[in-house]
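Chain letters run A, B, ... following the sequence lines, proteins first, then strands; residues in each count from 1. Quick caveat, the model's predicted, so the values are computed rather than measured.
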Amino acid sequence: MCGIIGYIGSKKAQPILLNCLSKLEYRGYDSCGIAVMSSGIEVYKDAVRVKVLSKAAPELDGTIGIGHTRWATHGEPSRQNAHPHCDCTGRIAVVHNGTITNFHKLREQLAAEGHILASQTDTEVLPHLIEKYYDGDFARAVELVLEEVEGAYTMIAMMTGEPRLVAARKDSPLIIGIGDRENYIASDVPALLDYTSRVIYLEDGDIAVVTADDISLKNAGAPITREEHKILWSVEDAQKGGYEHFMLKEIHEQPKVIRDTLAEYLSQYISSAKKAADLTRGGGLEDVLILASGTSYHAGLVGKYIIEGLLKVPVRVELASEYIYSGQASARNKAIVITQSGETLDALKAIKRLKEAGSRVIALTNVVGSTASRVADETVYTRAGPEISVAATKTFIAQLIALYWMAVPYARADVRRPGDLVLELRQLPGKVQQILDNQTVIAEMARQIEKFDHVFYVGRGISYPVALEGALKLKEISYIHAEGYASGELKHGPYALLGSQSPVVAVVTQDNTYEATTTSIKEIKARKSPVLAVVGEGDETMADLADSVVTVPHTDPLFSPVVNVIVLQLLAYYAAKERGCPIDFPRNLAKTLTVE
Amino acid sequence: MKQAVILAAGEGQRLRPFTLNRPKAMLSIADKPILQYIIEALAQNGIRNIVLTVGYRKEQVYDYFGSGERCGVNITYVTQVPQLGTAHALWQARDCVDDEFLVLSGDNLIEAPTIAAFVQVKPSGLLVKRVENPNRYGVVNIEGGEVRDIAEKPAEAKSNLVNTGIYAFTKDVFKFMEDVLDIPDALNNMLAADQPITARETDGTWLDVVYPWDIISLNEAVLKNIGVSLGGTIETGVSLRGNVVVGADSIVRSGSCIYGPVVIGSGCDIGPQVCIMPATSIGDNVTLSPFSEIRNSVIGDDVAIGPGSIVSDSVIDKGCVLKGRFTALGGPSEVRVNGESPTLNVGVIMGEECQVDGNVTAQPGVIIGNYCQVQMMKTLSGRIPDRSLVY
């Protein structure tokens, strides 16, 4: 998915383009760019987010411009591959959303005719073809080009000396926003809502020639008119597909994320084309080092239990920000660096240090072609799609699935049968959906904790990192002070804080930790703290012991973090909602930390 | 006509167990929800501005359709709580509509030709269809191409033309809706005020699901029109015949036979040695283990069917795990509905997330609720409620 934008009028184009692009970031944000026309066309683009581009871009003069924001699924995001793309002369610029299926043939033809193509993208053939066909009529040249192009080609083109934008729609959406002596073109309505509520929806095959005060449309060579629509919804509704917040939308996407991620890994595994990070490859796996920060660090801690449990090798998990000052690495290490964005500075520094020590580094990231993937030896991608909410949810789940996949198919035969585990993994989407289908009980529990100032989260074994993640979610979006603790550690200090005003959320797994956890909860109850427990199906003991419980579907204890964390995400969400917090954009926090 | 309002808030009580967690419009037929057929039919007729009224289990609609990306349309959502009737549902959308708009029911599966002529009708208009047994629908009495009256489920039908629930309206329709809950009553108000309503007949697809077993015949009807498209990995030694669709990242292992029409979703692991016989739809992330045969059935997402199983004329909803040697042979079975007992050819109707141990046999026509657990060696019959433990 990509987002495109065009502006023509009397205002300066650059700030409008950048603002519109920021509204289209839900369609992708791994690279972006703008082109503005004054006496000639000036392009500024890079593999960065719109916010960064906005700061870095030089001031471009001109009142006509186009812009693009990209989410790569194939081919890495780089400055070269970012849009807009230009022709040989730099007089024509194009932004494009879709895939041109016959671009190999077109490229070869163009190259044979002496055109110099600078990027790897299919899009670049468009400006060169326009250059080829241009003989004084810009709009006609675009029409001729589109006759030659196959595939999806929603695009906007502009040309030096031509006071107009030419746009076309095929397969991907495109709308025209009507302003007062100015017009806009965009992939989607939200981009334009700051400027106009009058729009025209283009249909497949439409070609539009847009000037500051005129819009003319053609389809199949004949002039047509399309009705004007008035938009009544707000920016927020548009992108959230019905939901009130991105966070809730992304929580609900998790069954699909698990399905997609597993499908891809399974198909790679079976076809043996490229095995998704087989930790055991090359033999002699002696120890594993996992480095990460924030939520990714919690995924890493779950990874420790997975890998140690199934592969029987010691795993060390460290915070990337600490490791870069004091960590020890050696050539014996196999290292996994987890970074959602692939751009977190601490993670990148850690990779550098590991490489210097001779370790093999696997990057686990959600962004194709990110810096982490370029500097690591191998990359495993999570297939979570763009995550807008600052609080990570679906990317955490995708990281867990990736970590399972690094160990499950290679589980030592004397430990577990990989086939059984794979089958159990494939049942997880349905189990997560069950929790989502029955979330009113979690919203109810959230009403119980939202009135407190302090909440403790406890877990033992593989549920310990789940408790840490639950506490992090609560503090970052609801601003309630929350602390995650290993159940056994409460007695070493925090007991002093327990009481009727400090509830405890306990994550209880039916494995070898169950009895010890039961004992801990009894001790907590003795100190008058309300206990809210997340328990497995059929756990009657805990239902009697705790003040309230949320039951999760039964799964193997090894996979319990996947179901348990969903409950804690929703708990944090509803607590924050009760408190009226700005859930998607909590104060003082940013999605990607490119600072130390 | 550039806009359509689709009423998709309804629960579909009679379709239990499948509507515990999803609205009727989200029932999957040939690997797509009914609602998607409607949206695609509209998009193909140039209507891409869609207002969806949602209510019961609306999150399922949000999660699947989002803002409309999947179908290349723009979707605006309005909620209807509680669900009091079709006019009440349309009333919720009154602030989002253009001057002219279509109204469709999210429950009836249609295709692009069904409405191709109707989108040109000047409002107000009503699309009707000729059916054999009109008595369970709104029967429309037409004179000179205009609607005379509509009789809801009459004991004696005056004609075979029934209301499809597809209308063309202007904003004026809201003036006739102040005191009614259902759209046909609003139409009768319009007729009483001498407002003409054009009637158009369609001979295109218009299919209704009323009871759970209707899914099987509907699936068969829709599968007749699928093409061929093979994604994923098809190993050597797989026999394919007829029209077969296999989604991305699925694997069909050696020795398997797939005789179309069959549609298989993405991320499935099938075989080796599995037979999938005609008129079968299989969802995403499904595991079918060796020596199993699936025939004329609908299998939901995430289902795992263990080795040596036979599933015929059945619907198995998402997330069910059948450990192995499960048998649902299908056959004539008597179902009791509204005092009638028609004989149908049905295997098993199984709700979501059931866990079934080895060597279980389902007698023809058994209906198993959601979240049931069945221990090994059982024979299932009759109706088994949600969350039952069969031991």
Side-chain angles (χ1 to χ4, degrees), chain A residues 1 26-27 169 171-173 175 188-190 199 201-204 226-233 237-243 248-249 252-253 255-256 258-271 273 422-424 426-431 433-434 436-439 537 553-554, chain B residues 1-3 20-22 43 46 48-49 52 54 57-69 72-77 79 95-96 98 100 232-233 235 247-251 253 265-269 284-287 289 300-304 306 318-321 352-353 355 370-371:
Chain A
M1 214 159 65
Y26 79 98
R27 302 176 69 87
R169 177 200 155 127
D171 294 341
S172 308
I175 58 166
D188 201 356
V189 174
V199 304
Y201 293 89
L202 298 185
E203 301 294 336
D204 273 354
R226 299 247 177 245
E227 222 174 300
E228 184 185 318
H229 292 264
K230 190 139 178 75
I231 300 297
L232 296 161
W233 20 303
D237 298 345
Q239 304 165 330
K240 291 175 196 155
Y243 286 105
L248 190 58
K249 176 174 182 267
H252 274 260
E253 280 173 30
K256 186 171 154 42
I258 299 173
R259 240 175 244 133
D260 291 352
T261 305
L262 277 177
E264 179 162 325
Y265 295 160
L266 185 70
S267 115
Q268 284 176 1
Y269 177 70
I270 289 166
S271 64
V422 170
L423 203 58
E424 190 68 28
R426 286 163 64 84
Q427 299 309 314
L428 287 174
K431 289 173 182 169
Q433 187 66 49
Q434 274 190 58
L436 299 176
D437 288 342
N438 297 295
Q439 58 186 263
E537 239 171 331
H554 176 79
Chain B
M1 202 66 74
K2 285 288 143 211
Q3 189 188 45
L20 180 69
N21 287 316
R22 56 164 91 75
R48 293 179 190 276
N49 180 356
L52 280 181
V54 291
R57 293 288 183 186
K58 56 185 188 288
E59 293 80 9
Q60 304 286 347
V61 185
Y62 297 164
D63 292 345
Y64 190 85
F65 290 101
S67 314
E69 292 285 348
V73 299
N74 278 298
I75 296 176
T76 309
Y77 292 98
T79 47
D95 292 333
C96 308
D98 298 345
E100 292 186 355
T233 309
E235 287 188 351
D249 289 328
S250 282
I251 174 159
R253 296 173 194 256
S266 55
C268 293
D269 187 354
D284 295 339
N285 190 37
V286 169
T287 312
S289 306
D301 293 345
D302 311 326
V303 168
K318 60 192 165 89
C320 288
V321 178
E352 66 183 66
E353 297 289 337
Q355 302 279 326
N370 301 290
Y371 313 120

Residues forming a ring pair (Phe, Tyr, Trp, His ring centres under 6.0 Å) with B/F65, sequence neighbours excluded: none
Largest heavy-atom contact set with chain A, pairs under 4.5 Å, which of B/N49, B/D284, B/N370: B/N49
Region of B/E352 that comes under 4.5 Å of a non-hydrogen atom in chain A: side chain
Shortest non-hydrogen separation from B/E235 to B/I251 and the atoms involved: OE2-CD1, 3.8 Å
Under 4.5 Å from a heavy atom of chain A, the part of B/N285 involved: both
Test log, rule ring pair (Phe, Tyr, Trp, His ring centres under 6.0 Å), inputs A/H252 and A/Y243: CA-CA 10 Å; A/H252 274 260; A/Y243 286 105; 4.8 Å; yes
Which of B/L52, B/T287, B/V286 touches chain A most, by non-hydrogen pairs under 4.5 Å: B/T287
Selection from B/K318, B/R48, B/K2 maximising heavy-atom pairs under 4.5 Å formed with chain A: B/R48
Contact origin within A/E264 toward chain B - heavy atom pairs under 4.5 Å: both
B/Y77, part contacting chain A, at a heavy-atom distance under 4.5 Å: side chain
Exam field: side chain A/R259 to backbone B/S266, donor-acceptor pair closer than 3.5 Å: no
Flag, side chain of B/R57 to backbone of A/D437, donor-acceptor distance under 3.5 Å: yes
B/Q60 side chain vs B/R22 backbone, donor-acceptor pair below 3.5 Å: no
